[in-house]
Amino acid sequence: MTPTRSSVRLSDGRELIYFDESPGSSRSSYPDTRQLPPPPPASQLRYDPLTDEWIAVAAHRNTRTFLPPSDACPLCPTSERFASEIPAPDYDVVVFENQFPSFSDRIVPDEITQVTGMVPVRPGYGRCEVVCFTSDHDSAFGSLPVSRVRTVIDALADRTAELSAVPEVAQVFPFENRGVEIGVTLHHPHGQIYAYPTVTPKTAAYLRAARRHFDKTGRNLYADVLAAEQEAKVRVVTSNDHWTAYVPAAARWPFEVHVAPHRQVPDLPALTDAERDAFAPLYLDILRRFDGLFGKPMPYISAWHQAVTGAGRELGYLHLQLFSIRRAADKLKFLAGSESAMGAFVNDIVPEAAAQRLRDI
Ligand SMILES: [Zn+2]
């Protein structure tokens with residue numbers, strides 16, 4: 001069932017949207033009683049001519065909340081003791097604009113200036129949103145019921161559709177960082193959505209490869225990669241009627257899984273009800289296997305790759321990339337010289353062995 005959607009404004013003008021599983025709830029009647037300062041100034045994007053990439057510079061993010069005590073969690077519902085970011089006393093899934101955004105839509109989007117003659121600067125126009133998966137501070141995505149995962153997917157689809165319609169937005173990226181090892185600054189189970197004004201470097205590289213493949217074969221690159229993995233089977237971890245989860249043959253990370261729909265769709269809004277329903281149990285199963293690898297919560301990054309909104313959209317193929325930096329019970333993989341300076345990954349775990357270990361759990 002489609003969640004009930006209701007929207008309110010926080011005291012500094014930011015938008016907050018409730019996605020409720022029970023119809024007729026009226027969480028939007030709770031006002032934000034805090035006196036918040038106006039949102040911080042926007043970031044800027046500086047062009048790196050050496051790599052043809054845009055770098056966001058957001059100095060104000062240095063002041064953001066860092067691992068607050070649980071009775072002052074900004075993502076818990078508001079209680080008598082603490083007024084949080086969420087004015088209602090409870091919620092199912094809630095999405096709101098980040099108080100410390102890397103990108104903002106409160107600025108004029110097209111004011112180009114220069115740092116030097118070689119380095120143009122543009123405003124960091126876009127939007128950054130926070131997605132709370134549950135009001136339970138001590139829960140985790142992997143502990144959510146199937147019905148809640150479905151609500152989260154519906155919320156992400158709603159946000160993708162709305163943000164993609166903004167003319168300046170080039171790409172919408174929903175993701176979750178989990179674990180202090182990844183750099184998480186709030187323990188409360190949550191994800192984020194970035195609406196970028198430019199195509200990200202990773203997506204730009206995919207689009208170049210996908211265009212080349214299409215010109216040569218007339219086929220979609222990601223669809224061919226998925227079909228090849230399904231045929232090879234050795235790296236497939238699990239699958240159902242609508243989705244396959246596999247370790248990529250050239251995985252970069254010690255434990256990395258792609259979860260892909262069997263049909264080429266550009267983004268989450270394009271998924272059918274049946275596909276959304278089928279995703280939830282399969283993804284929960286993969287998260288359970290991740291946590292089972294070393295018998296403790298696995299730090300991970302879970303990243304939805306969606307089609308760009310402009311040129312090359314037809315080359316997109318929605319998929320989720322889930323990966324961890326943990327390579328052993330007491331060892332993390334850090335991005336050191338080769339990865340950080342050269343972008344050249346060295347993976348210590350053979351992808352076929354990683355798939356076998358995940359299947360065995
Ligand atoms: Zn909390």
Side-chain angles (χ1 to χ4, degrees), residues 3 5-20 27-28 30 32 34 36-40 42-43 56 58 60-68 70 72-78 82-88 90-106 124 126-141 144 148-149 151-164 166 169 171-180 182-196 268 300-304 306:
R5 183 190 196 283
S6 55
S7 163
V8 295
R9 290 280 167 186
L10 299 176
S11 69
D12 57 2
R14 286 178 294 134
E15 187 180 15
L16 180 145
I17 307 163
Y18 296 103
F19 294 89
D20 284 308
R27 306 204 201 275
S28 57
Y30 294 93
D32 182 9
R34 302 169 300 169
L36 293 176
S43 65
H60 62 262
R61 281 176 52 81
N62 266 332
T63 59
R64 67 189 193 273
T65 314
F66 183 76
L67 296 177
S70 59
C73 173
L75 308 186
C76 277
T78 284
F82 183 71
S84 74
E85 289 278 72
I86 298 109
D90 197 11
Y91 62 83
D92 294 333
V93 173
V94 68
V95 176
F96 58 92
E97 294 182 70
N98 195 317
Q99 194 178 4
F100 305 97
S102 301
F103 304 102
S104 165
D105 58 2
R106 296 168 201 284
R127 185 137 141 161
C128 292
E129 298 183 341
V130 177
V131 187
C132 297
F133 305 137
T134 166
S135 62
D136 181 356
H137 183 87
D138 296 316
S139 187
F141 198 106
L144 299 177
R148 177 58 56 84
V149 177
T151 304
V152 171
I153 294 301
D154 286 340
L156 297 181
D158 173 284
R159 302 314 304 140
T160 297
E162 188 168 305
L163 295 169
S164 295
V166 177
V169 168
Q171 187 177 354
V172 179
F173 173 46
F175 63 101
E176 180 193 0
N177 298 331
R178 195 264 193 121
V180 287
I182 298 284
V184 166
T185 54
L186 297 171
H187 283 304
H188 196 112
H190 72 287
Q192 301 182 65
I193 303 168
Y194 274 28
Y196 297 103
L268 290 165
Y300 64 71
I301 291 171
S302 177
W304 280 108
Q306 307 199 90

About how many Å separate CG of Asp158 and OG1 of Thr151, when rounded to the nearest 0.5 Å? 12.0 Å
As a quick check of understanding, evaluate side chain to side chain contact (heavy atoms under 4.5 Å, CB included) for Glu97 and Leu10, giving each step before the final call. CA-CA 9 Å; Glu97 294 182 70; Leu10 299 176; over 6 Å; no
Go through the structure and list residues passing salt bridge (charged side-chain N to carboxylate O under 4.0 Å, His left out) with Asp12, not counting sequence neighbours. Arg14
Tell me, please, which residues at least two apart from His190 pass ring pair (Phe, Tyr, Trp, His ring centres under 6.0 Å). none
How far apart are the C-alpha atoms of Gln192 and Glu129, what are their side-chain angles, what is the distance that settles it, and do they pass the side chain to side chain contact (heavy atoms under 4.5 Å, CB included) test? CA-CA 6 Å; Gln192 301 182 65; Glu129 298 183 341; over 6 Å; no
For atom CZ of Phe175, is the number of surrounding heavy atoms from other residues, nucleotides or ligands below 6.0 Å larger than 12? yes
Minimum heavy-atom separation for Pro87 to Tyr30, with atom names? CB-O, 3.4 Å
With sequence neighbours excluded, what pairs up with Cys128 under the side chain to side chain contact (heavy atoms under 4.5 Å, CB included) test? Asn98, Pro101, Ser102, Phe103, Tyr194
Sorted by chain and residue number, the side-chain hydrogen bond (donor to acceptor under 3.5 Å, both in side chains) partners of Ser135 (sequence neighbours excluded) come out as Asp90
Here the pair of heavy atoms bringing Leu75 nearest to Ile86 is O-CD1, 3.3 Å
Could you go step by step and tell me if Cys73 and His187 meet the side chain to side chain contact (heavy atoms under 4.5 Å, CB included) rule? CA-CA 8 Å; Cys73 173; His187 283 304; over 6 Å; no
By salt bridge (charged side-chain N to carboxylate O under 4.0 Å, His left out), which residues pair with Asp92, not counting sequence neighbours? Arg27, Arg148
Taking only residues two or more places apart in sequence or in another chain, which ones pass side-chain hydrogen bond (donor to acceptor under 3.5 Å, both in side chains) with Thr134? none
Measure centre to centre between the rings of Phe133 and Phe141, then say whether the value is under 6.0 Å. yes
Could you pull out all residues at least two apart from Ala140 that satisfy side chain to side chain contact (heavy atoms under 4.5 Å, CB included)? Ser143, Arg178
Before you tell me yes or no, could you show the steps for Ile153 and Trp304 under side chain to side chain contact (heavy atoms under 4.5 Å, CB included), namely the whole-Å CA-CA distance, both residues' side-chain angles and the distance that decides it to 0.1 Å? CA-CA 11 Å; Ile153 294 301; Trp304 280 108; 3.8 Å; yes
Under the salt bridge (charged side-chain N to carboxylate O under 4.0 Å, His left out) test, residues paired with Asp154 that sit two or more places apart: Arg150, Arg276
Which residues satisfy the side chain to side chain contact (heavy atoms under 4.5 Å, CB included) test with Val169, sequence neighbours excluded? Val166, Val172, Ala195
List for me each residue that meets salt bridge (charged side-chain N to carboxylate O under 4.0 Å, His left out) alongside Arg34, sequence neighbours excluded, and say none if there are none. Asp32, Glu85
Does Phe96 have any ring pair (Phe, Tyr, Trp, His ring centres under 6.0 Å) partners at least two apart in sequence or in another chain, and if so, which? none
Contacts of type side chain to side chain contact (heavy atoms under 4.5 Å, CB included), residue Ser302, not counting sequence neighbours: Glu176, Tyr283, Tyr300, Leu320, Leu322
How far does SG of Cys76 sit from OH of Tyr91, to the nearest 0.5 angstrom? 6.5 Å
Value for CG (Leu156) from CG (Leu268), rounded to nearest 0.5 Å, stands at 6.0 Å
